[in-house]
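Order of the sequence lines sets the chain letters (A, B, ...), proteins ahead of strands, with each chain counted from 1.
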Amino acid sequence: MATYTPAEIEARWQTAWDKAGIFTAKRDETKPKYYVLEMFPYPSGRIHMGHVRNYTMGDVIARYKMSTGHNVLHPMGWDAFGMPAENAAMAIGGHPKDWTYGNIKDMRGQMKPLGLSIDWSREFATCDPEYYGQQQALFLDFLEAGLIHRKNAQVNWDPVDMTVLANEQVIDGKGWRSGAEVEKRDLTQWFFKISDYAGELNEALQGLENWPAKVRLMQENWIGESRGLQFAFSTIDAPDGFDRVEVYTTRPDTLMGASFVGISPDHPLAKQLEKDNADLAAFNAECRKGGTTAAEIETAEKMGFDTGLRVRHPFDTDWELPVYVANFILMDYGTGAIFGCPAHDERDFEFATKYALPIISTYLPSEDADPKVTEAYVPAKTDKVFYNGGFAGEAWQTGNDAIAAAIDFCEGKGVGQGVTKYRLRDWGLSRQRYWGAPIPVVHCDTCGVVPEKKENLPVELPYDVEFDTPGNPLDRHPTWRDTPCPSCGKPAKRETDTMDTFVDSSWYFARFTSPRADTPTVAEDAAYWMNVDQYIGGIEHAILHLLYSRFFARAMQITGHLPESAIEPFDALFTQGMVTHECYTPEGGDEKRGPFFFPEEVDRDARVKKDTGEKIEIFSSVKMSKSKKNVVDPLGIIANYGADTARWFVLSDSPPERDVEWTASGAEAAYKHLNRVWNICDRIGAMDKDAAGKDDDALLKIMHKTIHDVTMGVESFGFNAAIAKLYAFTAALQKSKASHAAQREAVMTLAQLMAPMTPHLAEDIWAHQGGEGLVTTAPWPKADDKMLVDDTVTLPIQVNGKRRGEIEVPADMPKDEVEKIALASQAVQKALDGGQPKKVIVVPGRIVNVVV
RNA sequence: GCGGGUGUGGUGGAAUGGUAGACACACCAGACUUAAAAUCUGUUGGGCGAAUGCCCGUGGGGGUUCGAGUCCCCCCACCCGCACCA
C-alpha cells in the first residue's frame with residue numbers, strides 16, 4: 001500500500017501550478033473579477049504561524065473564488081520600510097537595505113512551500129525605488145491639491161542621544177538606549193489633512209456593511225464626532241492679545257457649575273505667561289517631560305498650576321474664575337482650553353478636590369438627592385435629570401436634551417455657537433529616520449519650501465550612510481542633501497525627513513493593480529480590479545492602517561489616481577485572530593519574565609526539560625513571541641508534516657476571528673486525518689470497479705449535505721465548522737460499503753471540497769481517481785437540493801421549555817397535525833395529567849413546546 | 001484613564017431566540033498483534049438511580065420570553081488598541 005508523502009506531493013503540484021500559470025492574473029472583461037488581499041508582511045526575516053494562518057485564509061477564499069468562475073487577483077508584497085532595519089544596522093552592523101532585501105529573499109523562500117495561489121509576478125517591496133518614487137509623485141499631487149500642509153507637532157526627544165524616539169522606544173518615560181528622561185519637543189512637520197475628512201470618513205462607515213461591526217465602532221470612536229459649544233471667557237488684566245480665552249465644551253448644560261478654566265501647557269497663553277513666571281515655566285517644563293502617548297498623559301497624576309489670571313463667567317460678569325494650566329489638557333483637541341465643572345466630571349472633581357476649588361452642582365441624580373456633592377454626577381444621555389440651579393427657568397428631561405437645549409440657549413444669549421468637532425487629528429507623516437521614503441521637497445533660502453519636480457523622481461535614498469551615531473544619517477550625509485532649487489536653480493537642501501511607513505501601506509493595494517506602471521496607477525487596471533473584494537488581516541490594524549487607507553483612497557480619487565467607485569477601497573474586511581502557544585519556564589518560573597524554554601526543549605507530558613531533566617512549569621497560551629520562546633517554526637512543521645497539515649490545522653481548531661492555540665497534538669491529529677483521507681483514496685482506487693455496493697444513496701446524501709455546508713462555511717469564514725463537516729463526511733466515507741462509482745464520486749468531491757484548504761493533497765487524489773485537469777481549476781461542486789431534504793424530521797417535545805421527549809413526523813406535516821401527535825405523546829400526557837395545555841407552540845421543523 | 005473584545009466539559013471549540021456540548025484533542029475500554037507502534041471500534045459535562053428516567057449545568061447576579069449560551073441591565077475576570085511599532 002502506498003503511503004502519504006507530503007514532501008514529494010507538494011513539490012510536484014507546486015511545479016504543476018507554476019507551469020500552468022494559473023495564478024497569474026490578467027484583465028478579462030468576460031469574467032467577474034475577485035480581488036482578495038491579505039495585509040502584506042513586514043520582512044522580519046522569518047515567517048511565523050500568524051503569517052501561515054493569515055495567508056491560508058486568503059488562499060482558501062482565492063482558490064474557492066477561482067473554482068466558482070471568478071477572475072482572481074491574489075498578490076503579495078512587502079511592507080519593507082521601518083525601524084527594525086535601522087535597529088538591526090545599529091545592533092549588528094550591515095545596511096538596512098541589505099538586511100531588508102536579504103530578509104525578503106528568505107521569507108519568499110519560506111512562503112513558497114505553503115502552496116499559496118499568489119500571483120508572484122506582481123510582487124514588490126515598498127522600499128523599491130520604483131514603488132516609493134510613485135509614492136513621492138502622490139505626495140506632490142496631494143500637496144498641490146491642498147491635502148498636505150506643514151505645522152508644528154510634538155515628538156519624543158531623547159536629550160542624550162539627540163534623537164527623536166518612537167513611542168515604542170520610550171520605556172517608562174525614558175529613552176530605550178540612553179535611559180535619559182524623554183522630553184516633548186516641537187518640530188515643524190508635514191501633515192495629511194485627514195481631519196478635513198473626519199465627517200465624511202465617519203459617515204461613510206455606515207456603508208461598510210461587510211466590515212466587522214467592532215472595527216466600524218472603533219473607527220467611529222477614534223474619529224470621535226462630538227457636538228458642543230465653543231465660546232470665550234473674557235480675561236481680567238491679561239497680557240496683550242489675550243483678551244479672551246476660547247473654550248470648547250461638550251457639556252454646555254453644566255456651564256453654571258463652572259469653577260475654573262484650564263489651559264494646556266502648550267496653549268499660547270501658557271507660553272506667554274511663563275515668560276514672566278519662573279514657577280509656571282518650570283511647571284510647564286515638567287508637563288512636557290514624559291511620553292506623548294495618550295495612555296501616559298491620561299494616567300499621569302492630574303497636576304495644575306494657578307496662573308493668577310482671572311476670567312469672567314459669560315453669564316455673570318461679577319463671577320470670576322481662576323485660570324489653571326493643567327497637564328491633562330491637550331493642545332491638539334478643541335481649543336486647548338476647557339472650563340472645569342467638578343460637580344459633573346470625574347476628572348474635574350479630582351482636580352477641584354486637589355486644589356480646593358468650589359464644587360457647584362447643577363443637576364441632582366434624583367429629586368430628593370442630597371445637594372452636597374461627594375462625587376461627580378455625570379448624567380447618562382438618556383437619564384432623567386433633575387435640574388438644580390443654573391440657567392434660570394430652563395428644565396430638561398434628559399441629559400441628551402439638556403446639551404442641545406443649552407447650545408440653543410447660549411446661542412440665543414450671544415454666548416458662543418454650537419460646533420461639531422472631531423477627536424481625529426491630522427496625520428503627521430514626517431519621520432526623522434533614514435529607512436523610509438524621502439519626502440520630495442527642497443528647502444531653498446530664496447524660495448522657501450519647494451516641491452521637487454516630478455521628472456526628478458524618485459528621490460532615492462543614498463546607500464553610503466553610517467549608523468554609528470544616533471539620529472538621522474541623511475542629516476549627516478556629505479552630499480545627498482545638496483540639490484539645486486527646483487524653482488530658482490540656486491543651491492538648496494533636500495528635506496531629510498522620510499515618510500511614516502503607514503503611508504507606504506495606505507495605497508499598496510491600488511499599486512497591485514498595475515505594479516510596474518510608471519504612474520502610481522493605470523486607470524483601466526484600477527477600474528477593473530478595484531475594490532479589494534476581501535481584505536484579511538489582524539485586528540491591531542482596525543484603526544490606523546484602515547483609516548489612513550480610506551483617507552488615501554479619497555485623496556487618490558481627488559488627484560485622479562483612483563476612480564470614484566474606489567472611494568472605499570475595501571468592500572469586505574475580515575480580522576483574524578492570533579496564533580498562541582503555551583509558555584514553559586523552570587519550576588517556580590515567572591509567567592511574564594521567564595526564563596523561558598522553547599517547545600522543542602521540553603517534554604510536555606513529563607513536565608521536564610529534555611536535556612537536563614529539570615522540572616518545568618506550563619503557563620497558559622499567549623501570542624507567539626520570540627521573547628517568550630513560545631514559537632513554533634512553520635518550516636519545521638512543513639518539514640515534518642507538509643504544508644497541507646499546517647494549513648489544515650490553522651483553519652480547523654478555532655473560529656478564524658478568534659485566537660487559535662497551536663498544540664503539537666492538534667498538528668499531529670491534522671496530519672493523521674490527511675493520512676486517513678489519502679488511505680481512503682488509495683483503497684477506493686484498488687476497489688473492484690463492478691462490485692455491487694449498498695446504501696449508495698445514503699453516502700451521496702451526506703455528500704450533498706457536505707457540499708452545501710462547506711460552501712456556506714467557506715463563504716462566511718466558518719472554516720472551522722466547514723472542516724468539522726469534512727471530518728464527518730470522511731468518517732462516513734470510510735465506513736461506507738457503497739459501490740465503487742458512488743465512493744469514487746464521494747472521494748473526488750471530498751478532494752474538491754478540501755482543495756482550498758489542502759490543495760496539494762486534493763490535486764493528488766483528483767489525479768489518482770482520474771479527474772480531468774487540475775482540481776484547482778475544476779468547477780466547484782454543486783449541492784443537489786433534492787438530496788438535502790429529509791422525508792421525516794425528529795422534533796423534540798418540550799414541556800414548559802424542558803425537553804421531555806421527541807416525535808418523528810413527515811417533514812411537510814401541517815402544524816395542527818404535528819400538534820395533535822405531540823399532545824398524544826407519552827411525555828405530554830404524563831405532564832398534562834388529564835388536564836388541558838395552556839398553550840402549544842409548534843415551530844415547523846424545529847421544536848414543539850407545550851405549556852401546562 | 002479612554003476605547004474595543006472575550007468568558008460554554010479535562011482541552012480547543014459547535015449551536016438563524018428552539019434538543020447545549022457538533023467536530024477535534026486528551027483520557028478510558030475493546031479489536032488486530034507474540035509484543036509495541038500504527039490502524040480500527042466504542043465510552044466520556046456533573047450528580048442521583050437497578051432502570052424507562054430525574055435534578056443541576058454556558059464567569060456571577062437580575063430581567064424580557066412559551067423557550068436564553070444567544071437579547072437587555074448590573075458586576076467580576078482576562079485579552080487587545082491608544083495616533084512615531086509594523
Closer than 4.0 Å, any side-chain N/O of [X] to the OP1 or OP2 of [N]?
| X | N | answer |
| --- | --- | --- |
| A:R803 | B:A20 | no |
| A:Q432 | B:C84 | no |
| A:R185 | B:C84 | no |
| A:T663 | B:C25 | no |
| A:K839 | B:C66 | yes |

Say we look at [N] and [M]: how far apart would their [atom1] atoms be, to the nearest angstrom?
| N | M | atom1 | value |
| --- | --- | --- | --- |
| B:U58 | B:U6 | C1' | 14 Å |
| B:U64 | B:C74 | C1' | 15 Å |
| B:G57 | B:U19 | C1' | 15 Å |
| B:C76 | B:C27 | P | 39 Å |
| B:C56 | B:G67 | P | 15 Å |
| B:U65 | B:U11 | C1' | 34 Å |
| B:G18 | B:C71 | P | 11 Å |
| B:A29 | B:U16 | C1' | 39 Å |

Just by distance, no angles: are the side chains of A:T188 and A:N152 close enough, under 3.5 Å, to form a donor-acceptor pair? yes
When you measure from the side chain of [X], which nucleotide among [options] comes out closest?
| X | options | result |
| --- | --- | --- |
| A:A724 | B:C23, B:A83, B:C84 | B:C23 |
| A:K735 | B:U41, B:A86, B:G5 | B:U41 |
| A:T501 | B:A86, B:C40, B:C66 | B:A86 |

Nearest whole angstrom, please: distance from the [atom2] of [N] to the [atom1] of [X].
| X | N | atom1 | atom2 | result |
| --- | --- | --- | --- | --- |
| A:E668 | B:U39 | CD | C1' | 13 Å |
| A:Y42 | B:C85 | OH | P | 13 Å |
| A:M218 | B:C82 | CE | C1' | 9 Å |
| A:E220 | B:C2 | CD | C1' | 15 Å |
| A:I723 | B:C23 | CD1 | P | 15 Å |
| A:K802 | B:G57 | NZ | C1' | 10 Å |
| A:Q836 | B:C66 | CD | P | 20 Å |
| A:R676 | B:U39 | CZ | C1' | 9 Å |

5'-most contact on RNA chain B: A:R431 or A:N221, nearest heavy atom basis?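 Checking each residue's closest nucleotide, the 5'-ward one belongs to A:N221.
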With RNA chain B as reference, determine whether A:Q189 or A:V851 sits nearer its 5' end, using the nearest nucleotide of each. A:V851
Sidechain N-carboxylate O distance under 4.0 Å for A:D426, A:K193: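 No, A:D426 and A:K193 are not salt-bridged.
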Taking the basic N atoms (NZ, or NE/NH1/NH2) and the acidic carboxylate oxygens, is any pair closer than 4.0 Å for A:D266 and A:K184? no
Mark yes when over 12 heavy atoms from residues, nucleotides or ligands other than A:Q836 sit less than 6.0 Å from its CD; otherwise mark no. no
Neighbour count >12 (heavy atoms, 6.0 Å) for atom NZ, A:K151: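 Yes, because the 6.0 Å sphere around NZ of A:K151 holds more than 12 heavy atoms from other groups.
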Can you give one letter per nucleotide of nucleotides 6-17 of chain B, going 5' to 3': B for a protein heavy atom under 4.0 Å from the base, S for sugar-phosphate only, - for none? -S----BSS-B-
Between A:W678 and A:Y4, how do the two ring planes meet: parallel, tilted or perpendicular, split at 30° and 60°? tilted
Parallel under 30°, tilted from 30 to 60°, perpendicular over 60°: which one fits the rings of A:F717 and A:F574? parallel
Would B:G21 be called syn or anti here, given the cut-off of 90° from 0?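 That one's anti.
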Taking Watson-Crick and G-U wobble contacts under 3.5 angstrom, with | marking pairs to another strand and [ ] crossing pairs, the secondary structure of RNA chain B is written (((((((..(((.....[....)))(.((((.......)))).)((((....))))..(((((..]....))))))))))))....
